[in-house]
A.B. asks: 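Just dropping this structure here.
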Amino acid sequence: MKVNGRSLDATPRAGQCLRTYLREHGCVEVKKGCDSGDCGACTVVIDGRAQHSCLVPAFRALDAQISTVAAVGTPENLHPLQQRFCAAAGFQCGFCTAGFITTAATFTDAQRLDLDHSLKGNLCRCTGYRAITQAITQDAQPEESPRAPAGAAVVTGRQRYTMDELPSDTGHIAVLRSPHAHADIVAIDTTTAQALPGVRAVLTHLDDPGVLFSTARHHNRDDDPDDTRVFDTTVRFVGQRVAAVVADSPDIAARAIESIAVTYRVRPAVFDPAEALAPGAPLVHGDKDAAVHRIADPQRNLVAEVHGEVGDVDAGVAQARAVGGAVVTGTWSNARVQHTHLETHAAVGWRDAAGRYVVRSSTQVPFLVRDELCHVFGLDPDQVRVLAPRVGGGFGGKQELLTEDLVLLALIRTGRPAAYEFSRTDQFIAAPSRHPMRVKVTAAARPDGTLTAMAVDVLNNAGAYGNHSGSVMFHGCSESVALYRVPNKRVDARTAYTHTLPAGAFRGYGLGQVIFGIECALDELARELGVDPFALRRRNVIVPGDDFVTWTVEDDDLGFGSYGLDQCLDLVQSALTDGAADPVRSGAEVAGHPDWRIGQGVAVAMIASVPPRGHVAEASVELRSDGTYLVSVGTAEFGNGTTTVHTQLAARALHTSPSAITVYQSDTDAVGHDTGAFGSAGTLVAGTAVHRAATALAAQVIATAAPMLGGDPTACTLDSDGVHCGAASSTLTQIAQTAGGGLIATGRHDGTPRTVVFNVHGFRVAVHTPTGRVRILQSVHAADAGTVLNPQQCRGQIEGGVAQGIGSALYEQMMLDESGAVSTTVLRNYHIPRLSDVPTSEVYFADTHDSIGPLGAKSMSEAPYNPVAPALANAIRDAIDIRLYEIPMNAARVWAAAQRTPDGADRT
């Protein structure tokens, strides 16, 4: 076959798909996202037709003309389509981008007019599709925002991800997983596997280093329970590791796995968190004691709990009733959700020339991974280097240690490089999901809507391992409750171990689940009282000067660096009002039709800008001998846009253009420490460290140049050309030479104090009652992001969060069968939003300047997700006059609800 004009003469292996064949022969721009033809990341053009290469047997492409995104254009000579993707910010993590561009480059004018159909085979988890649509339809408007530095590499497929470059002689790891939810391993026979030619090692519990740890990664490692082993003698969920094979090829490793014989002693299992907490329930970690964590109690299946009250909730409820107010009580629940980042979990390990262990990983937290690997394997930090290239999406899912421990164990055992990559099925059955929660809310108010009481009772399902679960529970019950000024509050929350897939960090980190319950309860309360939902919120939300009150009065480093919630409420309400007069956004086409009902809803969210209990970033900025600047920072880029913002912050402080800045990042060799890219800390924490380092370097540059120019440093100015003092000037290259080849300055931020971010979302929907279909007529989001450093990029973050929120609200659900196994194992059976599912959201920003964030900015990566599901639920409630208490609110559930009257009678 000919690929991008060059001949490939190697014969494909029997059964080999075109995707793996191309990647093995250097075409790594062809990505692996699903291996089932569902995502489009592997798209190539075969004899003029775009096809998913994972579905094409390689031998069928012999003698064909094949092109990839590399044939569309180069970084030096971008195709107009690639130029528009850069101009429109039509990518975030970029893992899907090559597939989109390869597909769209073949489109006719007619196909460009029907992108819902033309792009039905391409998925993007990051952008929300609006920017992609604009790039393809040539509707991209010029933006003043600086573009992503990696743009040209991403749109041409030159950008490298974790599995794109493997060392020679790399061994490939395959994993045998448990078929039982709870069982002891009695025996493992690996004889046949070990005898298979090409097998380098078979790893079992006999190779376990004997150290308990947590896959969750936090700045303080004791935030999470040490209840996990690399290989355990007891399996606690279907899909848990039992053994692994390291072999010369993935095929050999897979065959060897099939030959391992395991004898199990099956034990009773418990899948429901309420049943798990009941006396006499099967214990998930009955072999452990309270030493696994400071608050967990494995002998009760308890990961964490909190109980606290401010004021007297019962009295507040009685007061509301006594004055003719209203009281609402309900229980809201959410499903398991998969992050579905298109790049699956993966890691590669080798030893460098100095003998250090090097692990390249698709991780959000390279420093925390390094530290935990050292803890588990008894190594010193200077013996291990962890680095992350560009990461293909994360959403919290890569704040875990899921592949790196196995890669390092294989590297230690074999002394040769090793790689481990999750399949898409592995992502569903073995990677932690979003936490399923049941949230009971009681809210009481006077007739005018003033809240008198709020009680929240949360039951959180941790799954088989605790990892993030305690922290998610605490965080979920924090800002969601603190947002409202209520004299009487109570929180009761428990997190239980069960014999199900573990749950972990997910965008919003527990807030989305609890906010769903609270915002729906408040909407119902407003209806009971006949109070406008916007007015009820305006009356009760906290304002500067108020305490942050949850189950206690918080007394920490959280404060109001700025406040734009009032503006956000106004912006959303005004937009919905304007939309009501617009034929499209009002649903005039279906208004009055007996099968369609129209409603609108709103929800509010607050989140702290940085996680509590420590988040540290260090950075350095160097003036190099050629007069350019090098920024070194530990934060990973996974579509969160931190590289662009860090470039802007450094350029602003150094009075130069972004083109003069190079960013080197996410490598434990780069700086002393970086807690990681989670909790939206990339801008506020790492960005502040970068800005401080750049500001300090600017002072150094001027101080070095002033004597050269015979002037006072206070009279000198720095710009992109150099330093000027009166009529005298010195170039940056000259200054660097005078300083001995360069100058360097450092900066640090320890994550405190913290500010708060506000988001408000509003929807207008039309519900088709005969089918339960929900059509979004208008989607409006207002964000208090402080000074918006990059409006185009910030808008993209919001649109991506909204799209993910719509998926959680309407479509996404991981199903478990009666054995506790995840039965949703491929993307086609798990509905993440496609282009046709996502409306174009109107995005507005409050006009604020934060006193805490760098240059007045706040974080805005995970925050937009949180109010989306309750806003949609409230809009559906307004349309059909029936409250739904469970998400996803899919067509079947909406249809069933629409057949009932408010008093529960069957409409039919």
Side-chain angles (χ1 to χ4, degrees), residues 1-86 91 94-112 118-123 135-136 151-161 163-168 170 172 249-251 342-343 392 421:
M1 67 185 75
K2 281 194 173 181
V3 180
N4 297 334
R6 68 183 178 94
S7 295
L8 289 181
D9 297 324
T11 302
R13 297 189 304 277
Q16 185 174 29
C17 74
L18 181 59
R19 180 190 63 77
T20 61
Y21 178 84
L22 291 172
R23 286 184 62 84
E24 286 176 3
H25 290 85
C27 297
V28 294
E29 66 272 18
V30 181
K31 301 303 184 193
K32 170 186 173 180
C34 67
D35 275 340
S36 56
D38 296 325
C39 75
C42 69
T43 301
V44 299
V45 177
I46 305 175
D47 292 334
R49 181 180 169 217
Q51 297 187 56
H52 293 177
S53 61
C54 68
L55 295 182
V56 178
F59 79 90
R60 289 188 180 174
L62 296 179
D63 300 322
Q65 296 280 345
I66 297 172
S67 61
T68 73
V69 72
V72 178
T74 66
E76 300 75 28
N77 186 25
L78 294 177
H79 183 278
L81 176 61
Q82 294 167 319
Q83 293 175 9
R84 294 196 300 272
F85 262 79
C86 289
F91 64 89
F95 200 79
C96 68
T97 307
F100 271 97
I101 290 175
T102 303
T103 303
T106 68
F107 284 172
T108 63
D109 289 343
Q111 287 174 305
R112 277 189 287 273
S118 304
L119 288 174
K120 65 181 181 180
N122 291 78
L123 297 176
I136 294 172
V154 168
V155 300
T156 57
R158 299 281 185 90
Q159 179 65 53
R160 293 296 179 254
Y161 296 81
M163 294 297 290
D164 287 346
E165 294 175 342
L166 301 183
S168 60
T170 295
H172 298 267
S249 73
D251 290 342
L342 288 192
E343 182 192 32
E421 181 181 24

A.B. asks: Backbone N or O of Gln65 within a donor-acceptor pair of the Asp47 side chain at under 3.5 Å?
C.D. replies: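 Yes, because the side chain of Asp47 sits within donor-acceptor range (under 3.5 Å) of the backbone of Gln65.
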A.B. asks: How far does CG of Leu81 sit from CZ of Arg112, to the nearest 0.5 angstrom?
C.D. replies: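 These two atoms lie 8.5 Å from each other.
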A.B. asks: Could you give the distance from SG (Cys34) to CG (Leu55), rounded to the nearest 0.5 Å?
C.D. replies: 7.0 Å
A.B. asks: To the nearest 0.5 Å, what is the distance between CZ (Phe100) and CG (Asn122)?
C.D. replies: 5.0 Å
A.B. asks: I need the Ser53 OG to Ile66 CD1 distance, nearest 0.5 Å.
C.D. replies: 8.5 Å
A.B. asks: Of all the heavy-atom pairs spanning Thr43 and Thr102, show the shortest one and how long it is.
C.D. replies: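 Smallest interatomic distance, heavy atoms only, reads O-CG2, 3.6 Å.
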A.B. asks: To check you understand the geometry: which heavy-atom pair defines the closest contact between Thr103 and Ser118, and what is its length?
C.D. replies: CG2-O, 4.4 Å
A.B. asks: What's the shortest heavy-atom distance between Thr156 and Val69, and which atoms?
C.D. replies: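 What the structure gives for the nearest pair is O-CG1, 3.5 Å.
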A.B. asks: Verify side-chain contact (heavy atoms from CB on, under 4.5 Å) between Asp164 and Lys31, making sure each step is shown before the conclusion.
C.D. replies: CA-CA 9 Å; Asp164 287 346; Lys31 301 303 184 193; 2.5 Å; yes
A.B. asks: Is the closest side-chain heavy-atom distance between Arg19 and Val56 below 4.5 Å?
C.D. replies: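 Of all side-chain heavy-atom pairs linking Val56 with Arg19, none is under 4.5 Å.
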A.B. asks: With distance as the sole criterion, is a donor-acceptor pair present between the side chains of Asp9 and Ser7 under 3.5 Å?
C.D. replies: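 No, Ser7 and Asp9 have no side-chain donor paired with an acceptor closer than 3.5 Å.
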A.B. asks: Where is the tightest heavy-atom contact between Ala71 and Asn4, given as atom of each residue plus distance?
C.D. replies: CB-OD1, 3.3 Å
A.B. asks: Does any N or O in the side chain of Gln16 come within less than 3.5 Å of the main-chain N or O of Ala58, such that one atom is a donor and the other an acceptor?
C.D. replies: no
A.B. asks: Are Phe91 and Phe85 near enough that their ring centres are under 6.0 Å apart?
C.D. replies: no
A.B. asks: Does the side chain of Met163 come within less than 4.5 Å of Glu343's, by heavy atoms?
C.D. replies: no
A.B. asks: What is the minimum heavy-atom distance between Cys17 and Cys54, and which atoms define it?
C.D. replies: CB-O, 3.7 Å
A.B. asks: Let's go through Thr74 and Arg158 carefully: what are the C-alpha distance in whole Å and the side-chain angles of both, what is the deciding distance for side-chain contact (heavy atoms from CB on, under 4.5 Å) to 0.1 Å, and is it a yes or a no?
C.D. replies: CA-CA 9 Å; Thr74 66; Arg158 299 281 185 90; 4.0 Å; yes
A.B. asks: Any Lys/Arg nitrogen of Lys32 or Glu421 sitting under 4.0 Å from an Asp/Glu carboxylate oxygen of the other?
C.D. replies: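 Answer for the salt bridge query: yes.
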A.B. asks: Between Glu24 and Arg13, is there a salt bridge with N-O shorter than 4.0 Å?
C.D. replies: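 Here Arg13 pairs with Glu24 in a salt bridge, since their nearest N and O are under 4.0 Å apart.
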A.B. asks: Tyr21 side chain to Pro57 main-chain N or O, any donor-acceptor pair under 3.5 Å?
C.D. replies: no
A.B. asks: Do Val44 and Ile46 pass the side-chain contact (heavy atoms from CB on, under 4.5 Å) test, and can you show the C-alpha distance, the side-chain angles, and the key distance before you say yes or no?
C.D. replies: CA-CA 6 Å; Val44 299; Ile46 305 175; 3.8 Å; yes
A.B. asks: Taking the side chain as every heavy atom from C-beta outward, state whether Thr106 and Arg49 have any pair of such atoms under 4.5 Å apart.
C.D. replies: no
A.B. asks: Quick one: do Val28 and Arg160 satisfy side-chain contact (heavy atoms from CB on, under 4.5 Å)? Show the steps, please.
C.D. replies: CA-CA 8 Å; Val28 294; Arg160 293 296 179 254; 3.4 Å; yes
A.B. asks: Which heavy atom in His52 sits nearest to a heavy atom in Asp38, and how many Å separate them?
C.D. replies: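 Shortest heavy-atom contact: ND1-N, 4.3 Å.
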A.B. asks: Could you tell me the separation between the CD atom of Glu29 and the CD atom of Gln159, rounded to the nearest 0.5 Å?
C.D. replies: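 Nearest 0.5 Å value for the CD-CD distance: 13.0 Å.
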A.B. asks: Say you draw a straight line from CG of Leu18 to SG of Cys42; how long is it, rounded to the nearest 0.5 Å?
C.D. replies: 8.5 Å
A.B. asks: Looking at Asp63 and Lys2, is there a salt bridge between them, counting it only when a charged N and a carboxylate O are closer than 4.0 Å?
C.D. replies: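 Salt bridge between Lys2 and Asp63, a charged N being under 4.0 Å from a carboxylate O: no.
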